[in-house]
Amino acid sequence: MDVTYDAALNGDSLTKALSELHPNVLVVRSTKVTAADVNADPKLQLVVRAGAGYDTIDVAHCAKQGVYVANCPGKNAHAVAELTMGLILSIDRRIPEGVQLLREQKWNKGLFSNSTGIKGRTLGLIGFGNIAQLVMDRAKAFELNILVHTRTQKPGLEKKLGFQYASSLEDLLARSDIVSIHTPATSETKELVNKSFLAHMKPDAVLLNTSRGTVVNEADLLAHLEANKGFWFGTDVFNGEPAGTKEIAFTHPLAQHPRVYGSHHIGASTKQSEAAIGEEAVRIIKKYATQGAIDNDNCVNKESDGSKLHKMTIRHFDRVGVLAHVFAIFASFEWNVQELENIVFKGREACVVNIKFTGDLSHLEEAIAGVRKNENVIDVSI
Ligand SMILES: NC(=O)c1ccc[n+]([C@@H]2O[C@H](COP(=O)([O-])OP(=O)(O)OC[C@H]3O[C@@H](n4cnc5c(N)ncnc54)[C@H](O)[C@@H]3O)[C@@H](O)[C@H]2O)c1
Ligand SMILES: O=C(O)[C@H](O)COP(=O)(O)O
């Protein structure tokens with residue numbers, strides 16, 4: 001396999017490289033992958049997001065062009081959970097400011113002796129996937145109580161893992177001392193943190209965001225910070241954050257705010273996490289190269305709604321032309337094959353083909369009779 005590595009490719013330079021090199025697989029971190037990038041490379045088959053969030057990739061356009069998009073769920077979750085705990089403890093004890101003062105050759109025990117402590121306080125988690133669950137595990141070691149608001153509640157999970165589902169988002173916001181966001185960036189979560197969200201929070205609460213900048217309406221948050229002098233924000237992400245990894249000037253009203261502790265979108269950037277992500281990306285590519293398959297856990301643009309599909313199972317002898325015969329009948333009834341699996345039995349004498357398809361079944365009996373006409377068809381069921 002030929003590999004070209006150039007982490008600096010971005011925007012037009014990425015589009016140009018794709019149009020010249022025509023790779024089959026593109027691996028990216030937070031680099032944006034646009035429709036123009038996909039169109040520039042007709043040989044592109046797979047985009048691997050070496051990370052969790054894939055909002056940076058035009059997933060819908062990839063789906064339209066038959067290009068797989070795969071991510072590496074959970075592989076950087078420990079690192080993000082560790083950073084989240086770091087933000088919680090830093091805010092409670094004002095660690096960064098204490099360090100800064102020492103660097104300025106100043107001692108001020110009084111200034112840093114006002115922390116509340118986190119034991120017995122309530123941490124509200126919004127989203128309860130890979131990262132949030134690891135945050136919960138770590139927070140429980142600090143004796144925080146855990147409240148959860150997520151899209152789908154799983155019966156029995158509260159008791160098993162030792163947390164409580166909030167009855168609503170508003171309930172979680174009203175009862176939490178610390179609220180941490182762990183949802184993906186979607187149209188549903190865009191500006192989830194807005195005036196109304198903040199109004200439900202305790203005035204001296206801590207809000208944490210290690211997910212995406214788009215989840216926060218930054219103007220509303222700034223206004224809330226101004227109006228509530230005990231309110232703190234810890235964030236790893238900013239709207240309009242720089243794309244690269246080199247130092248550049250970054251002026252942002254939240255990044256420079258005295259009650260905001262920010263980091264530089266480094267949630268996933270530990271050596272452990274990068275190694276785990278790298279290994280997973282390689283595993284995905286190897287499996288695709290050798291078996292032509294992407295695991296469902298990784299593929300983010302495979303159609304998963306099979307509820308409207310009909311299924312036909314045909315046992316047949318392993319001879320040339322059986323499937324061609326079946327497909328000709330399907331085409332004559334305007335049945336559209338959606339998924340297909342042909343299993344060959346030991347000895348390569350017989351097979352079973354499972355065909356999932358859409359179409360009008362009013363001529364079903366006629367179609368089945370047509371399939372049976374082939375001498376190598378053993379049985380048909382639907
Ligand atoms: N700061 C970083 O470096 C960094 C690293 C990894 C991931 N992330 C971000 O964190 C996000 C979460 O990562 P993860 O690995 O936990 O993902 P995940 O898919 O395992 O979990 C996401 C959770 O959010 C829930 N959710 C989705 N939409 C929701 C909604 N509208 N309301 C409530 N809950 C909702 C899902 O049900 C799921 O429980 C990623 O999508 C990514 O944007 C950031
Ligand atoms: O969604 C993710 O995995 C993180 O935001 C990590 O982004 P990065 O790969 O650019 O560090």
Side-chain angles (χ1 to χ4, degrees), residues 7-10 27-33 47-57 59 69-87 124-138 146-154 157 161 163 165-166 168-173 179-194 197 208-216 234-239 241-246 261-278 280-281 296-300:
L9 291 175
N10 207 330
V27 182
V28 283
R29 285 187 65 164
S30 286
T31 304
K32 282 203 170 104
V33 181
V47 178
V48 179
R49 185 353 178 166
Y54 47 87
D55 49 298
T56 38
I57 298 170
V59 173
V69 179
N71 73 346
C72 304
K75 298 297 173 187
N76 58 23
H78 285 81
V80 186
E82 287 164 7
L83 181 69
T84 306
M85 291 311 296
L87 287 169
L125 298 171
I126 303 181
F128 199 51
N130 289 294
I131 296 170
Q133 294 194 30
L134 292 180
V135 171
M136 174 185 72
D137 294 346
R138 280 144 190 78
I146 310 295
L147 266 183
V148 170
H149 169 77
T150 192
R151 246 182 341 193
T152 343
Q153 297 194 1
K154 293 191 183 138
L157 199 63
L161 300 185
F163 69 91
Y165 282 121
S168 64
L169 175 61
E170 292 71 27
D171 176 46
L172 177 136
L173 297 174
V179 171
S180 192
I181 303 172
H182 301 288
T183 58
T186 62
S187 53
E188 274 174 38
T189 61
K190 190 169 164 52
E191 300 193 354
L192 173 74
V193 176
N194 57 19
F197 177 107
L208 303 173
N209 183 18
T210 55
S211 64
R212 285 292 182 266
T214 54
V215 169
V216 174
T235 186
D236 188 36
V237 284
F238 297 86
N239 279 318
E241 66 191 35
T245 52
K246 300 266 176 345
Y261 282 171
S263 47
H264 305 220
H265 198 153
I266 44 125
S269 303
T270 63
K271 288 193 176 73
Q272 292 176 344
S273 168
E274 288 178 345
I277 289 279
E280 180 66 353
N296 285 340
D297 283 351
N298 299 106
C299 188
V300 302

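Just so you know, ligand 1 is whichever comes first in the structure, and atom 1 is the first atom listed for that ligand. Remember, predicted model here, so these are calculated numbers, not experimental data.
Under the side-chain hydrogen bond (donor to acceptor under 3.5 Å, both in side chains) rule, Arg212 has a single partner from Thr183, Thr56, Asp55, Asp236, which is Asp55.
Residues His149 and Ser168 have side chains not in contact (no heavy-atom distance under 4.5 Å, counting atoms from C-beta outward). In this structure, Val215 and Val237 have side chains that are not in contact, with every pair of non-hydrogen atoms separated by 4.5 Å or more.
Closest heavy-atom approach to atom 40 (C) of ligand 1 within the set Gly127, Gly53, Ser30: this belongs to Gly53.
The protein atom (non-hydrogen) at minimum distance from atom 7 (C) of ligand 1 is Ile131 CD1, 3.5 Å. The shortest contact between atom 2 (C) of ligand 2 and any protein heavy atom is with Arg49 NH2, 3.3 Å. The nearest protein atom to atom 11 (O) of ligand 2, hydrogens excluded, is given as Arg29 NH2, 2.8 Å; this is a heavy-atom distance. Of the protein's non-hydrogen atoms, the one nearest atom 10 (O) of ligand 2 is Ser30 OG, 2.4 Å. Protein heavy atom in closest approach to atom 3 (O) of ligand 2: Ala52 N, 2.6 Å. Looking at atom 12 (C) of ligand 1, its nearest protein heavy atom turns out to be His182 O, 3.6 Å.
Taking any N or O of Gly51, backbone or side chain, none lies under 3.5 Å from an N or O belonging to ligand 2. Polar contact with ligand 1: present for Gly129 (N/O pair, distance under 3.5 Å). At least one N or O atom of Thr210, backbone or side chain, sits closer than 3.5 Å to an N or O atom of ligand 1. Residue Ala268 has no N or O atom closer than 3.5 Å to an N or O atom of ligand 2. Polar contact check, Ile266 against ligand 1: no nitrogen or oxygen pair lies under 3.5 Å apart. Looking at Ala268 next to ligand 1, an N or O pair under 3.5 Å apart turns up.
Close approach of ligand 1 to His265 (heavy-atom distance below 4.0 Å) involves ligand atoms 1 (N), 2 (C), 3 (O). The ligand atoms of ligand 1 that sit less than 4.0 angstrom from a heavy atom of Thr189 are 30 (C), 31 (N). Close approach to Glu188 involves these atoms of ligand 1, each under 4.0 Å from a residue heavy atom: 31 (N). Contact atoms of ligand 1 toward Thr150: 25 (C), 33 (C), 34 (N), 37 (O), 39 (O) (distance under 4.0 Å to a heavy atom of the residue). Each of the atoms 4 (C), 5 (C), 6 (C) of ligand 1 lies under 4.0 Å from some heavy atom of Val80. Each of the atoms 1 (N), 2 (C), 3 (O) of ligand 1 lies under 4.0 Å from some heavy atom of Gly267.
The side chain of Asp236, and not its backbone, has at least one atom closer than 4.0 Å to an atom of ligand 1 (non-hydrogen atoms only; side chain from C-beta on). The backbone and the side chain of Thr183 each have at least one atom closer than 4.0 Å to an atom of ligand 1 (non-hydrogen atoms only). Residue-level proximity to ligand 1 for Arg212 is carried by the side chain, the only part with a heavy atom below 4.0 angstrom. Only the side chain of Asn76 comes within 4.0 Å of ligand 1, judged by heavy-atom distances. With a 4.0 Å heavy-atom cut-off, ligand 1 is reached by the backbone of Pro184 and by its side chain too.
Within the 4.0 angstrom cut-off, atom 17 (O) of ligand 1 has no protein heavy-atom neighbours.
Not close to ligand 1: Thr186, with no non-hydrogen atom less than 4.0 angstrom away. Heavy-atom separations between Ser211 and ligand 1 include at least one value shorter than 4.0 Å.
By the ring-ring contact (aromatic ring centres under 6.0 Å, His included) test, Phe163 pairs with Phe128, Tyr165, sequence neighbours left out.
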*Apply side-chain contact (heavy atoms from CB on, under 4.5 Å) to the pair Val193 and Asn209, showing each step before the final yes or no.*
CA-CA 10 Å; Val193 176; Asn209 183 18; over 6 Å; no

